[in-house]
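Along the sequence shown, residues are numbered consecutively beginning with 1.
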Amino acid sequence: MAQLGYLKGKAKKIINFLNDAIVITSFIYIYFLAGSLAFAETQSNWVFSTEWISYQKKNSSYHEQGQQVNLYLGTNEIVQIPETLNNKPVLRIGGSIGYSFVWNIFNRYQTNTNVRHVIVPTNTKVIGSGAFKNCSSLTNISLSTNVLKIEEEAFSMCQNLSSVKLLGVTEINAYAFSFCSKLKSVEFGTNLFILNDSAFAGCLSLTNINLPKGLGEIGIRAFSGCKSLKIISFPDTLRIIYDSAFAGCTSLTNITLPNSLVNMSGYAFQGCTNLTTINLASGLTSIGDNWFLDIGSLKNILLPDSVSYIGSGAFAGCSGLTSFKLPDKLTKVSPDTFVSCINITNLIFGTNISTIDTSAFAGCIKLNNPQLPNRLTKIGNRAFSDCRSISSLNLPPNLVVIGDEVFSGCTNLKTITIPDSVTTIGNSAFANCSSLTSILIPDSVTNIGVNAFGGCKKITKIVVDTNNERYADIDGVLFDKTKKTILHFPRNHTNTSYKIPDGVTNIASHAFEECTNISNLIVPASATNIGGYAFNKNSNLSSVYFCGNPPAYTGDPFLGSPDFMLYYLKGSRGWGPTFAGRPTALLRPPGITSPGTATGSRGTFFSTVS
């Protein structure tokens with residue numbers, strides 16, 4: 001019993017403590033309410049304050065003193081905000097008092113959660129930040145044409161708001177109507193010129209947007225996630241559409257962009273999975289970087305003849321495109337313009353294009369034998385890499401530069417004609433063109449990059465014009481003009497055993513890479529240097545015979561090739577038990593001082609080498 005009495009006493013103390021806590025909490029609540037509204041007054045059911053109100057009309061800014069409504073204390077479902085309070089016009093609904101924000105004038109303090117219809121005074125200029133945020137019962141808002149500015153989140157998450165008229169509004173700020181999931185209709189007036197970030201993001205029921213003349217910019221994610229949006233009408237004053245402005249608008253099937261547009265950021269229509277047609281207004285002169293990036297559903301777009309510039313990545317990843325015509329005023333195809341357009345088969349170039357830049361058509365795996373324009377002088381790095389359906393190309397007569405990896409991975413390319421205007425063939429320019437059988441190097445070529453023909457497993461010969469001043473060939477093997485450097489041994493060369501000619505001092509990097517036909521190789525005494533990966537991945541190479549002293553080498557010249565013995569002649573100097581990680585042995589029988597007929601531990605070899 002004593003214990004029970006003790007427990008009752010403790011319980012009473014706890015209850016008294018909680019009552020005191022409630023009183024203290026109420027005091028704190030009232031204190032902060034008073035603090036937030038330190039300069040506020042009360043008239044009838046309205047808490048308000050006198051503030052300076054800022055707004056814009058086109059390019060002019062205005063500041064005006066008037067009343068700001070901060071809180072409604074009534075319980076009506078239909079609320080008409082008074083025209084004046086304390087004999088001063090109500091210019092602003094909600095927003096800030098000093099440095100504090102008043103979010104939602106109806107239910108910040110749970111005074112009224114059932115308001116359905118609000119009538120805003122005719123003098124009101126500004127709907128403040130969060131003024132009606134999360135008014136979940138609000139279905140109608142009556143705004144006069146004098147309302148000029150809708151601030152951040154003013155109507156955000158008003159989930160039952162179905163329509164709104166913004167006939168006088170000049171400025172709609174970030175998230176103003178975001179996530180109003182039942183908002184179906186928005187009517188804009190002719191004064192709107194600012195539409196900020198995420199203004200209507202997540203308005204799932206919005207179907208039709210008619211943007212007014214005078215609007216210059218559409219902010220980041222302004223209409224993103226508006227899944228029911230089917231029709232957008234753009235004004236001819238629109239200059240900029242920012243990132244992801246219409247991302248995820250999955251009901252869009254076609255749009256028409258105005259000729260006033262000068263910049264559209266990447267991903268503007270990302271995730272618009274049913275957008276198949278884009279119409280560009282006549283008179284449009286420029287398409288900016290990444291304008292239509294990754295619109296995989298896009299099938300139809302016709303560029304007007306007025307277009308003279310297309311930016312980098314403009315159509316990258318547009319996997320629905322099957323054909324495309326570039327206008328005659330275009331002089332350059334920018335980097336990545338059509339990269340990974342995996343279904344494009346037919347491409348028509350404008351007549352004035354002189355440059356195709358880096359990766360412009362890389363990964364267009366179905367592109368079929370495009371006819372390149374005659375004025376083309378430069379093809380940039382990787383421009384047509386991995387275009388696996390190209391089987392034949394006639395390069396135009398004015399072409400000067402074939403960049404690095406331009407045709408690398410074009411596995412179906414069988415024939416290509418290099419004109420005598422070309423001076424440069426870049427590194428790996430034709431690497432892994434596995435169907436190419438031969439190459440003719442014209443007399444104009446002065447620079448051939450490293451591994452230019454690497455991985456061309458069917459190529460049997462490289463023929464160099466005899467008038468070329470920098471390069472030469474011997475039996476289809478590529479050398480420099482002095483024939484002191486062997487540059488490239490064709491992968492499918494007919495010889496299975498090969499003797500590098502006397503006088504060669506340098507074996508270039510990758511020179512014999514992946515030459516799987518070769519089993520035996522003689523290196524002359526004149527050789528003093530072996531470049532990196534010179535004999536890389538020679539899967540059938542079984543022996544290499546050196547006729548002189550060990551040459552210098554870079555990296556691992558035999559990387560990826562099987563283990564085999566390196567042989568050297570008696571009388572040569574500097575040989576140890578290994579060379580470049582491979583075991584070495586003296587060639588038997590002794591007394592051989594120069595290539596000829598010889599019998600070594602692997603049988604007669606030199607006499608079989610041509």
For [X], side chain to side chain contact (heavy atoms under 4.5 Å, CB included) partners two or more places apart:
{"X": "Arg239", "value": "Val262"}
{"X": "Asp294", "value": "Tyr267"}
{"X": "Asp305", "value": "none"}
{"X": "Gln371", "value": "none"}

Just to verify, what does [X] make a salt bridge (Lys or Arg N to Asp or Glu O under 4.0 Å) with, not counting sequence neighbours?
{"X": "Lys149", "answer": "Glu151"}
{"X": "Asp328", "answer": "none"}
{"X": "Lys332", "answer": "Asp357"}

Q) Got a sec, which residues hit side-chain hydrogen bond (donor to acceptor under 3.5 Å, both in side chains) with Lys325, two or more places apart in sequence or on another chain? A)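 Result, side-chain hydrogen bond (donor to acceptor under 3.5 Å, both in side chains) vs Lys325: none returned.
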Q: Would you please name every residue forming a side-chain hydrogen bond (donor to acceptor under 3.5 Å, both in side chains) with Glu64, sequence neighbours left out?
A: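 Checked Glu64 against side-chain hydrogen bond (donor to acceptor under 3.5 Å, both in side chains); matches are Tyr55.
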Q | Qualifying residues under ring-ring contact (aromatic ring centres under 6.0 Å, His included), relative to Phe179, sequence neighbours excluded | A |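 Result, ring-ring contact (aromatic ring centres under 6.0 Å, His included) vs Phe179: none returned.
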Q: Could you pull out all residues at least two apart from Phe269 that satisfy ring-ring contact (aromatic ring centres under 6.0 Å, His included)?
A: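 Partners of Phe269 by the ring-ring contact (aromatic ring centres under 6.0 Å, His included) criterion, ordered by chain and then number, come out as Phe246.
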**Q.** Phe324 and its side-chain contact (heavy atoms from CB on, under 4.5 Å) partner, picked from Leu302, Asn346, Thr345, Leu303
**A.**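 Result for side-chain contact (heavy atoms from CB on, under 4.5 Å) with Phe324: Leu303.
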Q: Enumerate the residue pairs fulfilling ring-ring contact (aromatic ring centres under 6.0 Å, His included) with a member in residues 118-166, sequence neighbours excluded, ordered by first and then second residue.
A: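 Listed by first then second residue: Phe106-Phe132, Phe132-Phe155, Phe155-Phe177.
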